[in-house]
Amino acid sequence: MPGLTQPPPTDAVQKNGANGSHGANGHGPRSPLGYPDRMMGPGETHASVAAKIGDIVLDGKHPKGWWVGFAAAFSLMMVFLFSITYLFYKGVGIWGINIPVAWGFAIVNFVWWIGIGHAGTFISAILLLVFQKWRNSINRFTEAMTLFAVSCAGTFPLLHLGRQWVFYWIVPYPNTMGLWPNFRSPLVWDFFAVSTYFTVSLLFWYVGLIPDLATLRDCTTVRWKQILFGIGALGWRGSAVHWQRYKITYLLLAGLAAPLVLSVHSVVSFDFSVAILPGWHSTIFPPFFVAGAIYSGFAMVLNIIIPVRKIYGLQSYITERTLNNMANIMLVVGLIVAYGYATEAFFAWFSGDQYERFQAFNRAFGPYGWSYWLLILTNVLVPQALWSRTVRTTPWMLFIVALFINVGMWLERFVIVIVSLHRDFTPSAWRMYYPTFWDYATFAGTIGLFFTLLLLFIRFLPMISITEVRELVAEGGSQPIAGPAMPPMFARLADRPGGNVP
Amino acid sequence: MNPALDNDLGPDSPRQLLHGHVAAFDTPEELVAATQKAYAAGYRRMDAYTPIPVDGLAQAMGRGKTVMPLIVLLGGIVGGTSGYFMQWYSMTVDYPYNVGGRPFHSWPMFIPVTFELTVLLAAISGVVGMLYLNGLPRLHHPIFQAPGIERATVDQFFLCIETTDPMWHRDGTRTFLEKELKGHDVAEVER
C-alpha cells in the first residue's frame with residue numbers, strides 16, 4: 001500500500017486497536033478522496049496475526065458477548081427443533097398455507113436465507129478474482145456464513161414437502177419405480193443449483209482453512225488440540241510444491257464459484273418467473289434476484305461483523321476501509337434492486353395485460369399494501385443514507401441501515417411470494433394468508449440455528465483467514481512499529497530456533 | 001571439496017539415515033534468493049516450507065507449471081457431458097412424456113443442470129486432484145522433526161536440501177546453507 005507511509009490525518013479508526021500497544025499510533029491513512037485507506041492496523045507481523053486470530057480459538061476464555069449470543073441462539077434453535085418435531089408429527093397443516101397461497105412462509109424464508117448465503121461466495125470468489133484485497137479479512141467468516149445460511153435455506157423446501165421422508169425422489173437415481181425427475185422443471189434445477197452451491201462453497205471454505213489449521217496445530221501446546229487440528233490440516237506442511245498447486249486450485253475454485261454464485265439465485269428466480277402467475281412471470285427476475293441476494297448478504301455480513309469485531313477487538317483486521325467498501329457495494333446493488341421495483345411496476349402498466357396491471361395495483365393498494373410500502377421504506381429509502389460517508393464509516397449507523405435492509409429483503413420475498421399468490425386469475429380462488437404461530441416459530445428457529453452454528457464456528461475455527469491476512473502483511477499492508485512483545489502463546493516458539501541440533 | 005567423493009551409499013550412511021539439511025530465513029525474499037542460489041549451485045532435490053504462498057518460489061526450485069488446470073478442465077468436461085447425457089437419455093429415451101407437443105429434446109431446459117454439474121465435478125476434481133498430487137492427507141513427514149519447523153506455519157521460511165540430491169554432502173551442504181545462503185538455524189533432519 002503506497003498510501004500507508006503518509007502521515008496520518010485525524011481519524012479514530014484504531015482507537016481500540018487489536019493490541020493495546022497500537023493505541024498511540026492508531027490513526028488510519030486516507031485515500032486521496034478521503035476514504036479510509038488502511039487494510040490493516042499498524043504493527044502487525046506474521047506472528048502477531050497468527051497469535052491474535054489463533055488465540056481466539058486456542059484461548060479457553062471467551063467474551064461475555066459470545067456466551068450471551070450463544071445462549072440466545074441455542075434457545076432459538078431449540079424452538080426450531082420443537083417446531084419441526086411438531087411439524088413431522090402433525091403435517092404442514094400447522095402452517096398458515098392454503099390454496100392459492102401454497103408456498104407461504106416456507107418459500108419466503110428459503111429465498112431470504114439463500115440470498116443471505118450469496119455474500120460469502122461473492123466476497124471470497126468474485127472479489128478475489130478482481131484483486132480486492134480488503135476482502136482477505138472477512139472472506140473466511142462470510143464463507144462460513146454462506147454455508148450456514150444455505151443450510152437454513154435448504155431445510156425449508158424439505159419441510160414444505162409434506163412427505164419429508166421421500167425428499168430424495170428429486171435426485172436422479174435408478175429406482176424401481178422407473179421414474180426420472182423432470183429436468184424441465186425449475187424445481188429440479190433448484191435442487192441441483194443449491195446442492196452444488198453448498199458443496200462448492202464447502203470445498204472452497206475447507207481448502208482455505210487447511211493452512212490455517214496447520215498454523216493452529218503448530219501454535220497450540222495442548223496435545224489433543226494438536227491431534228485434532230493436525231487431522232483437520234491433513235498434514236499440511238507449507239511445502240512450496242504444495243503451495244503452488246494449492247494456489248492455482250484456489251484460484252480455479254474461485255473462478256468456478258464466481259459464475260455459480262450468479263447462477264444460484266437466477267435458478268431460484270426461475271422457480272417464479274417460469275410460472276405464468278402475474279407478478280412472477282417476468283424476464284428481469286434473474287438479475288433482480290441476484291442483486292437482491294448480494295444486497296441482503298452484505299447486510300447480514302455487516303450485521304454480524306460489526307458486533308464481532310468489537311467484541312473480539314479485531315478492528316486491526318476488519319478496518320473501516322472494509323466497512324466502507326461493503327457499504328458502497330450495498331448501495332450499488334440496492335439501487336439495482338430499486339430499479340427492479342420500478343421496472344416491475346412500469347412493465348405491468350406497459351404490458352397492457354389486465355392481470356399484470358391488477359397485480360401491480362394490488363401490491364401497493366391491496367390488503368397487503370402495508371408490506372409493499374414498508375418494503376419501499378426499508379429497502380429503498382433508508383439505504384439512501386449510505387450516500388453519506390459518515391454513515392458508511394460509523395459502525396453503529398451502518399449496523400442499523402443493514403438491519404433495515406435485512407428486514408426489507410425479507411419483506412420483498414413476502415411481497416413476491418404471498419401477495420402475488422393470494423390474488424390469482426379467478427376471483428373465486430382468492431384467499432388471504434395468515435401465518436400461524438408455527439410459521440413464526442420455524443422462521444425464528446432457523447435464525448437460532450444459523451447463529452448457533454456461526455458462534456460455534458467463531459469458537460472453534462479461525463474466523464479470519466490467517467494465511468490471507470499474512471499475505472497482506474507480506475505485501476506491506478501494515479506499518480511496522482517498534483517492538484510489540486511477542487504474545488505469550490509464542491513464548492514457547494520464540495525459544496526454539498537454534499535449539500539442539502543433532 | 002568434491003561432493004562426488006563423499007557419496008557414500010551404504011545402508012548406515014548419513015545419506016540413508018537423513019532426510020536433508022534445513023535452514024531458516026526471515027523473509028520470503030531471502031528465501032527465494034537462497035533457493036535461486038541453491039539451484040544455480042546445482043542442487044535439484046529440495047523443498048521449501050513457508051507460512052504463505054511465495055510467488056516464484058516453486059519456479060526458483062526449477063519446477064514447471066502444475067497440471068492442476070488440466071485436471072479441473074477434464075473434471076468440468078466430464079461433469080458437463082455426463083450431466084447433459086443423463087438429461088437427454090432420461091427425457092427422450094427412457095422416460096419421454098409429451099407436454100403440449102413440445103420436443104422431447106428441449107435442450108435449453110437442460111442447460112441449468114448441465115452447468116451446475118460442470119461446476120460441481122470441476123470443483124471436486126480440483127480439490128481431490130490437488131490433495132492427491134500433494135500426497136495429502138499425510139500426517140507425518142520427516143520435515144516435522146526439524147527443530148523450529150513449527151514456525152514454518154507461523155513466521156519463518158525454511159529451505160530443505162534433501163539427501164536424495166546427488167550433490168548433497170553432509171558437511172558441504174551444511175556449509176553451503178550457512179555460509180553461502182546465509183540461512184540461520186541450519187540443522188540435519190532425520191528420515
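Quick note on labels: first sequence line is chain A, next is B, and so on, each numbered from 1.
Only the side chain of B:Phe144 comes within contact range of chain A, with heavy atoms under 4.5 Å apart. For chain B, the nearby parts of A:Val241 are the backbone and the side chain; heavy atoms of each come within less than 4.5 Å. For A:Ile466, no part lies near chain B; criterion is any non-hydrogen pair under 4.5 Å. Contact annotation for A:Leu260: both backbone and side-chain heavy atoms come within less than 4.5 Å of a heavy atom of chain B. With a 4.5 angstrom heavy-atom cutoff, A:Leu253 touches chain B only via side-chain atoms. For chain A, the nearby parts of B:Ile52 are the backbone and the side chain; heavy atoms of each come within less than 4.5 Å. Of the two parts of A:Pro259, the backbone and the side chain both hold a non-hydrogen atom closer than 4.5 Å to a non-hydrogen atom of chain B. Residue A:Asn182 touches chain B through both its backbone and its side chain, counting heavy-atom pairs closer than 4.5 Å.
Heavy-atom pairs under 4.5 Å with chain B peak, among A:Phe192, A:Phe183, A:Tyr250, at A:Phe183. Listed options A:Ser195, A:Ser263, A:Pro211 were ranked by heavy-atom pairs under 4.5 angstrom with chain B; first place goes to A:Ser263. Ranked by heavy-atom pairs under 4.5 Å with chain B, the first of A:Gly235, A:Ala257, A:Pro186 is A:Gly235. Among A:Ala233, A:Ala193, A:Ser266, A:Gly230, the residue making the largest number of heavy-atom pairs under 4.5 Å with chain B is A:Ala193.
A search for side-chain hydrogen bond (donor to acceptor under 3.5 Å, both in side chains) contacts involving A:Ser124 returns A:Glu143, not counting sequence neighbours. Every residue two or more places apart in sequence or in another chain that forms a side-chain contact (heavy atoms from CB on, under 4.5 Å) with B:Arg102 is listed here: B:Val99.
Residues B:His184 and B:Phe25 keep their aromatic ring centres 6.0 Å or farther apart. Between A:Phe285 and A:Phe270, the ring centre distance reaches or exceeds 6.0 Å. Checked against the 6.0 Å centroid threshold, A:Trp236 and A:Tyr246 count as a close aromatic pair.
Between B:Asp55 and A:Lys247, none of the side-chain N atoms (NZ, or NE/NH1/NH2) sits under 4.0 Å from a carboxylate O, so this pair counts as no salt bridge.
With A:Ile114 as reference, A:Val194 is the one residue of A:Val194, A:Asp190, A:Thr146 to meet the side chain to side chain contact (heavy atoms under 4.5 Å, CB included) rule.
Within residues 31-41 of chain B, no residue approaches chain A closer than 4.5 Å by heavy atoms.
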Below 3.5 Å, can you tabulate the donor-acceptor pairs from side chains in residues 57-79 of chain B to any protein atom, sequence neighbours excluded?
residue: B:Arg63; atom: NE; partner: A:Gln244; partner atom: OE1; Å: 3.0
residue: B:Thr66; atom: OG1; partner: B:Met68; partner atom: N; Å: 3.2

